[in-house]
Colleague: 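The structure that follows is given in the form of structure tokens.
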Amino acid sequence: MGGLTAVPAGAAGAQFVAVVSTPQVTLLPQSSGAQALQYHSVGVSVMAEQAPLSGVQVAVDASRVAGVAGLSLPGNCRFTDAARLHAACSLGSVDGVGQVEVGLRSLPGAKVAAKGSVRFTVTAANATEDPSSPPTTTTVVVGDGPDLAVLPLPTTLSLTPGGTLTVNPQVANVGDRDASGITLLLDSVEGGAWSVGGGFGNCRYGADAGLGAPTAVVCHFNTVVKPGETYQLATPAPVSAVSQAPDGVLMYGWDVTGGQIDSSITGGTPGHGAPLALVPVPASARHALPNVAPDINYDNNVAVSQLHLVSADDVAAVAHDVTGTVGRKVTTVFGVRNDGTVPTRQVPGAPGGTTAALLAMLPQGVSVVSAPKGCQAESLDGPPPVAALARVRAQAAGDGVPGAVYACLVTRALQPGAEADFAFTLKPTRTLHAAQGTVVAVGQPDDNTPLDNIATFQVTATPAAGTPSASASPVAHPSASATAAATAPAAPTGPGGSLAHTGGGDDTLPLVGAGLAAVVLGGAALALTRRRRGGTAGGSHS
């Protein structure tokens with residue numbers, strides 16, 4: 001039957017994105033070699049774009065690889081036919097990103113160059129797939145050859161300002177043929193903030209990987225890596241950071257000589273030191289087959305680790321949910337807490353004496369009856385830096401356009417563990433069901449954990465007794481990248497946003513409008529950007 005598929009109730013406008021991790025996979029032909037018997041993992045990721053997803057299902061159709069490849073299923077999947085070519089996987093609720101992984105390997109008798117495809121269909125009970133999602137189909141080919149795989153480093157690599165750490169990514173040949181000559185890629189991606197050194201004679205430095213500044217290092221080795229063997233660097237490569245480096249990403253990977261790394265990364269200056277060497281890592285399965293083909297799968301060649309500069313400076317945003325009645329006053333506290341190990345100090349570019357700042361974005365339907373001294377309202381319709389505020393809202397991706405925005409300065413040093421609180425008197429102007437607001441704390445540029453610089457809160461307001469119930473305002477659902485950091489219990493507040501714990505804060509210090517807006521809005525944009533990157537940059541691909 002033709003026609004449009006009915007949209008589930010409650011799914012109006014709600015969408016998700018589905019992505020397959022491996023659009024193309026080459027499987028080794030069945031043989032007595034242990035490498036050919038391994039399953040190749042293919043993952044399907046489902047990402048909620050607005051509200052959390054419910055009833056998420058993934059249907060697997062392998063009918064087009066009948067006689068070519070077989071499936072291996074995880075615990076949340078089951079075969080739905082006797083031929084084991086169709087399967088159903090249940091992800092249930094997905095708040096952010098959900099994933100299911102299946103395995104593929106060639107079947108006995110499958111010929112080299114045999115082809116087919118596996119299709120994944122994702123559905124949700126309360127949302128539809130974004131039309132811009134790429135096809136969720138994996139093309140399957142049977143072919144033999146070397147298959148280099150990087151063994152991931154830790155998800156996060158940390159070092160102190162101005163310090164150096166060493167990395168030693170290992171490479172394994174999981175194919176069925178020798179890899180005669182291999183290439184290493186290391187790229188810190190972050191311009192001049194992070195750098196990979198060593199000066200080895202068989203490496204090129206400052207090569208261009210097409211990721212911004214030319215920071216890649218490419219090294220060539222004549223080593224033959226046989227099937228089942230694993231190698232690592234004889235001398236680990238040093239990675240350094242400048243004193244104020246933002247969190248970054250280290251990309252690293254291996255390829256056969258003449259493969260995609262060699263063909264896509266250009267330029268660079270040769271090192272002048274002794275050549276870097278590889279040494280074997282003991283492995284259980286080894287074969288001595290001639291090398292006749294390039295690397296057959298590239299999805300396991302490259303991985304990433306997050307680079308994190310360990311800092312003593314760390315401020316965190318504090319917010320609390322608000323429950324009240326339409327038309328009646330309610331008090332809430334927004335705060336900045338010093339989670340670092342040293343007292344807060346002058347924020348670069350801020351008015352004199354400013355050691356931290358706070359940006360509070362209230363949801364629509366909430367008016368501010370009174371704000372503490374030390375805080376000022378920011379106009380949404382005025383000139384810059386309102387443009388910076390608009391960028392902050394866009395980067396928050398899900399908090400919605402705020403109804404009111406206030407910026408506050410902390411003007412005395414906060415000792416470790418101390419908190420600067422700002423008490424606001426609010427009044428809900430209409431019925432609200434968990435309407436979302438955001439608080440951003442700003443401190444030093446090298447804040448140790450930028451994820452806790454953002455806290456979200458919800459405002460719920462019920463009609464006053466005897467008042468007809470009005471239509472509730474829509475809920476602004478946070479995206480996965482703008483979900484709140486955990487908040488701490490409220491500390492006692494002094495009048496006008498003074499520091500109840502430390503005696504800090506100064507109600508008599510006049511605000512410097514332009515300087516206040518620049519430091520708070522600029523810092524908020526930085527915190528939100530780093531938080532979104534921190535949520536997605538870490539981890540490795542295998």
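FYI, side chains are in, hydrogens and waters are out, and symmetry mates aren't considered; it's all heavy atoms of this structure.
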Colleague: According to the interplanar angle, ranging from 0 to 90°, do the rings of F424 and Y406 count as parallel (below 30°), tilted (30 to 60°) or perpendicular (above 60°)?
Modeller: perpendicular
Colleague: Output yes when a side-chain donor or acceptor of T136 lies under 3.5 Å from a complementary backbone atom of V20, and no otherwise.
Modeller: no
Colleague: Give, for atom OG1 of T460 and atom NE2 of H433, the distance between the pair rounded to the nearest 0.5 Å.
Modeller: 8.0 Å
Colleague: Is there side-chain contact between V150 and V302, with at least one heavy-atom pair below 4.5 Å?
Modeller: no
Colleague: Please report the C-alpha distance between N448 and V310 in whole Å, then the side-chain angles of each, then the deciding distance to 0.1 Å, and finally whether the side-chain contact (heavy atoms from CB on, under 4.5 Å) criterion is met.
Modeller: CA-CA 6 Å; N448 190 56; V310 177; 4.2 Å; yes
Colleague: With a 3.5 Å distance limit and no angle check, can you tell me whether N453 reaches the backbone of A441 through a side-chain donor-acceptor pair?
Modeller: yes
Colleague: Would you say that N173 contacts K226 through its side chain, given a criterion of any heavy-atom pair below 4.5 Å between the two side chains?
Modeller: no
Colleague: Which pair of heavy atoms, one from P227 and one from D178, lies closest together, and at what distance?
Modeller: CD-OD1, 3.3 Å
Colleague: T449: which residues meet the side-chain hydrogen bond (donor to acceptor under 3.5 Å, both in side chains) condition with it, sequence neighbours left out?
Modeller: D314, D452
Colleague: Is there a side-chain contact between D176 and P29 in this structure, where contact means two heavy atoms from C-beta onward sitting under 4.5 Å apart?
Modeller: yes
Colleague: Taking all atoms of both residues into account, what is the closest heavy-atom pair of L184 and P169, and its distance?
Modeller: CD1-CG, 4.2 Å
Colleague: Which heavy atom of L27 sits nearest to which heavy atom of H40, and what is that distance?
Modeller: CD2-CB, 3.9 Å
Colleague: Give me each pair satisfying salt bridge (Lys or Arg N to Asp or Glu O under 4.0 Å) with a member in residues 66-83, each pair once, sequence neighbours excluded.
Modeller: none
Colleague: Given 3.5 Å as the limit, does a donor-acceptor pair link the side chain of N126 with the main chain of S54, or not?
Modeller: yes
Colleague: To the nearest 0.5 Å, tell me how far S41 OG sits from Q38 CD.
Modeller: 12.0 Å
Colleague: Would you please test L148 and Y231 for side-chain contact (heavy atoms from CB on, under 4.5 Å) and show each step?
Modeller: CA-CA 11 Å; L148 298 182; Y231 276 75; over 6 Å; no
Colleague: Check side-chain hydrogen bond (donor to acceptor under 3.5 Å, both in side chains) between S106 and all other residues, then give those that pass, not counting sequence neighbours.
Modeller: Q30
Colleague: Is there a donor-acceptor pair under 3.5 Å between the side chain of D313 and the backbone N or O of Q444?
Modeller: no
Colleague: Tell me, please, which residues at least two apart from S21 pass side-chain contact (heavy atoms from CB on, under 4.5 Å).
Modeller: V42
Colleague: Working to the nearest 0.5 angstrom, can you tell me the gap between M251 CE and D187 CG?
Modeller: 4.5 Å
Colleague: List for me each residue that meets side-chain contact (heavy atoms from CB on, under 4.5 Å) alongside R64, sequence neighbours excluded, and say none if there are none.
Modeller: D61, S117, R119
Colleague: Once disulfide bond (SG atoms under 2.5 Å apart) is applied, what residue pairs with a partner in residues 62-155 remain, sequence neighbours excluded?
Modeller: C77-C89
Colleague: Within this structure, what is the CD-CG distance for the pair Q436 and L362, rounded to the nearest 0.5 Å?
Modeller: 12.0 Å
Colleague: To the nearest 0.5 Å, how far apart are CG in L359 and OG1 in T438?
Modeller: 9.0 Å
Colleague: Can you check whether V167's main-chain N or O pairs, donor with acceptor, with Y252's side chain at less than 3.5 Å?
Modeller: no
Colleague: I'd like to check the side-chain contact (heavy atoms from CB on, under 4.5 Å) partners of N168; sequence neighbours left out, ordered by chain and number.
Modeller: Q232, L233, P236
Colleague: What residues, two or more places apart in sequence or in another chain, satisfy side-chain hydrogen bond (donor to acceptor under 3.5 Å, both in side chains) together with S263?
Modeller: none
Colleague: Is it true that a side-chain atom of N76 and a backbone atom of S90 form a donor plus acceptor pair closer than 3.5 Å?
Modeller: yes
Colleague: What distance do E129 atom CD and T121 atom OG1 have between them, rounded to the nearest 0.5 Å?
Modeller: 8.5 Å
Colleague: With sequence neighbours left out, write down each residue that passes side-chain hydrogen bond (donor to acceptor under 3.5 Å, both in side chains) with N338, or none if nothing qualifies.
Modeller: none
Colleague: Of all residues at least two apart in sequence or in a different chain, which pass the ring-ring contact (aromatic ring centres under 6.0 Å, His included) check with F120?
Modeller: none
Colleague: Once side-chain contact (heavy atoms from CB on, under 4.5 Å) is applied, do any residues pair with D262, and if so which ones, sequence neighbours excluded?
Modeller: T183, V218, H220, T257
